[in-house]
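Both backbone and side-chain heavy atoms feed into the values below; hydrogens, waters and symmetry mates do not. Count residues from 1 along the sequence.
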Amino acid sequence: MAMETGLAYSRRAQECAELFGSMTAVHPADRQFVDTWADAVTGPVIDAGCGPGQWTNWSRTLTRLPRRQPPSEGLLSWYSVIHHEPSTIQVPLIEFARVLRPGGGLLNGFFQCQAIEKFDHAVLDAYRWPVTGLSRELNGWI
């Protein structure tokens with residue numbers, strides 16, 4: 001899944017950077033929500049593939065996900081796992097748990113709906129999740 005998603009976004013990298021590569025493309029309510037969350041995190045925050053880098057540039061506390069590092073205080077996954085189908089959603093969640101310290105904060109942006117629903121995304125098929133369904137997937141890991 002990661003390779004397929006990476007290739008799909010690579011083919012549209014320039015377009016994504018032009019459309020979403022700055023904070024002007026971010027809704028002010030989203031920016032405030034993420035800022036409030038990040039302000040409550042006392043250490044470095046990992047940017048887990050949240051677009052073309054606009055969040056990392058906005059908040060200098062965000063870092064890339066290295067292979068080995070001490071556990072992080074927080075992880076921002078802003079629409080980063082939307083392309084994982086229900087059968088593979090645990091893959092990134094397990095990785096998130098690996099890099100977060102116990103009690104660390106995860107902010108996961110996603111498309112919400114009443115039931116898990118596949119939809120045609122501009123880059124690659126994506127999924128909407130009910131809050132309770134994605135919360136169940138997170139239980140035990142984060």
- Task: Using a cut-off of 6.0 Å, state whether more than 12 heavy atoms not belonging to Glu117 lie near its atom CD.
- Result: yes
- Query: Just wondering, more than 12 heavy atoms not from Phe119 lying within 6.0 Å of its CZ?
  - Reply: yes
Value rounded to 0.5 Å, distance of [atom1] in [X] from [atom2] in [Y]:
| X | Y | atom1 | atom2 | result |
| --- | --- | --- | --- | --- |
| Leu134 | Arg128 | CG | CZ | 14.5 Å |
| Asp125 | Asp120 | CG | CG | 6.0 Å |
| Tyr79 | Asp30 | OH | CG | 6.0 Å |
| Ile89 | Arg136 | CD1 | CZ | 13.5 Å |
| Ser80 | Leu75 | OG | CG | 8.0 Å |

Over all heavy atoms of both residues, which pair between [X] and [Y] is shortest? Give the atoms and the distance, please.
| X | Y | answer |
| --- | --- | --- |
| Trp37 | Gly105 | CZ2-O, 3.3 Å |
| His83 | Tyr127 | O-CE1, 4.2 Å |
| Ala115 | Pro130 | C-CD, 3.7 Å |
| Val45 | Leu76 | CG1-N, 4.0 Å |
| Phe111 | Ile82 | CE1-CD1, 3.6 Å |

- Message: For a side chain to side chain contact (heavy atoms under 4.5 Å, CB included) check, start with the C-alpha distance between Leu107 and Phe33, then their side-chain angles and the critical distance, and finish with the verdict.
- Response: CA-CA 10 Å; Leu107 182 54; Phe33 185 67; 3.3 Å; yes
- Query: Would a distance-only check, ignoring hydrogens and angles, find a side-chain to backbone donor-acceptor pair under 3.5 Å from His84 to Val91?
  - Reply: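 Not at all, since once roles are kept as given, no pair shorter than 3.5 Å links the two residues.
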- Task: Please check if the side chain of Ser72 supplies one atom and the backbone of Pro44 the other of a donor-acceptor pair under 3.5 Å.
- Result: yes
- Query: Can you pull the salt bridge (Lys or Arg N to Asp or Glu O under 4.0 Å) pairs that have at least one residue in residues 100-111, sequence neighbours excluded?
  - Reply: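 Applying salt bridge (Lys or Arg N to Asp or Glu O under 4.0 Å) to every pair that reaches into residues 100-111, excluding sequence neighbours, yields Glu73-Arg101.
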- Item | 4.5 Å side-chain heavy-atom contact, Asn108 and Leu93 | no
- Message: Between Phe110 and Val81, is the side chain to side chain contact (heavy atoms under 4.5 Å, CB included) condition met? List the steps.
- Response: CA-CA 8 Å; Phe110 63 99; Val81 298; 5.8 Å; no
